[in-house]
Every structure is written in C-alpha cells, then in structure tokens.
Trainee: 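Shown below is the structure under consideration.
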Amino acid sequence: MAHIVIDDSENLEKAIKRFKRMVEKEGIIREWKKREYYEKPSTILNRKNKALRRKLMKKTRKTKDSKGF
C-alpha cells in the first residue's frame with residue numbers, strides 16, 4: 001500500500017504528485033482495473049495465448065527482416 005510522509009513546509013501539490021508516482025510505480029491502479037470485473041479462467045487463458053502468439057509473430061518478423069528476406 002502506498003504511504004507518504006508530508007512535512008509541514010511541503011507544498012500539497014508536490015506531495016500529491018509524489019503520491020501519484022508511488023501509486024503508479026507499485027501498479028495499484030493497473031491491478032484495480034484488472035480486477036474491476038470478473039473474468040472467466042478460460043478468457044484469461046485465451047488472452048494470454050493471444051498475447052504470446054502476437055509476441056512470437058513479432059519476433060519472427062524481426063528475424064526475417066534482419067536477414068534480408
């Protein structure tokens with residue numbers, strides 16, 4: 001959980017920016033959006049497989065381009 005300590009002399013806007021950076025770094029918002037709705041296990045598996053196929057196709061395309069085909 002994100003936690004910051006604010007000094008009395010510190011500007012509020014600066015503290016909010018620091019808090020936002022910490023939340024972004026820890027991935028709290030991303031995790032919340034991911035868990036906002038229930039996703040069936042089969043849907044998760046399909047999404048992961050699709051991403052893997054996309055990654056492999058991109059990798060093979062890069063190797064073909066670098067060889068001059």
Side-chain angles (χ1 to χ4, degrees):
M1 174 162 236
H3 174 67
I4 62 168
V5 179
I6 302 173
D7 293 334
D8 291 335
S9 62
E10 188 176 12
N11 191 0
L12 182 62
E13 287 80 22
K14 194 172 187 177
I16 290 173
K17 279 187 179 183
R18 199 162 42 107
F19 177 73
K20 284 182 179 181
R21 274 196 309 264
M22 186 178 291
V23 166
E24 181 66 35
K25 184 179 176 183
E26 290 182 9
I28 294 171
I29 302 289
R30 194 176 327 120
E31 184 71 22
W32 174 72
K33 285 184 178 182
K34 189 173 95 173
R35 294 176 185 262
E36 189 173 10
Y37 299 104
Y38 177 75
E39 197 172 10
K40 295 190 321 186
S42 61
T43 309
I44 295 171
L45 185 63
N46 288 337
R47 183 173 34 84
K48 286 182 180 181
N49 285 337
K50 188 176 180 181
L52 181 64
R53 281 194 304 264
R54 208 172 31 243
K55 184 178 177 182
L56 289 174
M57 286 188 66
K58 186 176 180 180
K59 187 176 180 181
T60 57
R61 239 182 291 147
K62 280 187 177 182
T63 57
K64 284 182 181 180
D65 289 342
S66 66
K67 290 182 180 179
F69 285 103

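All figures in this text were calculated on a predicted structure; none of them were measured in a lab.
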Trainee: Would you give the length of the straight line joining atom CD of Glu24 to atom NZ of Lys20, rounded to the nearest 0.5 angstrom?
Mentor: 11.0 Å
Trainee: Quick one: name the residues clustered hydrophobically with Tyr38, using the 4.5 Å side-chain heavy-atom rule over I, L, V, M, F, W, Y, and just say none if it's on its own.
Mentor: none
Trainee: Could you check whether any side-chain heavy atom of Glu13 comes within less than 4.5 Å of a side-chain heavy atom of Lys17, counting everything from C-beta outward?
Mentor: no
Trainee: Kindly write out the residues that satisfy salt bridge (Lys or Arg N to Asp or Glu O under 4.0 Å) with Arg35, not counting sequence neighbours, or none if the list is empty.
Mentor: Glu31
Trainee: For Glu10, which residues count as a side-chain hydrogen bond (donor to acceptor under 3.5 Å, both in side chains) partner, sequence neighbours excluded?
Mentor: Arg18
Trainee: Residues sharing Val23's hydrophobic cluster, by side-chain heavy-atom contacts under 4.5 Å among ILVMFWY, directly or via others?
Mentor: Ile4, Ile6, Phe19, Met22, Ile28, Ile29
Trainee: Carefully, step by step, assess Lys50 and Arg54 under the rule side chain to side chain contact (heavy atoms under 4.5 Å, CB included).
Mentor: CA-CA 6 Å; Lys50 188 176 180 181; Arg54 208 172 31 243; 3.9 Å; yes
Trainee: Would you please name every residue forming a side-chain hydrogen bond (donor to acceptor under 3.5 Å, both in side chains) with Glu39, sequence neighbours left out?
Mentor: Arg47
Trainee: State which residues pass salt bridge (Lys or Arg N to Asp or Glu O under 4.0 Å) with Arg21; sequence neighbours excluded, sorted by chain then number.
Mentor: none
Trainee: Working to the nearest 0.5 angstrom, can you tell me the gap between Lys48 NZ and Leu52 CG?
Mentor: 11.0 Å
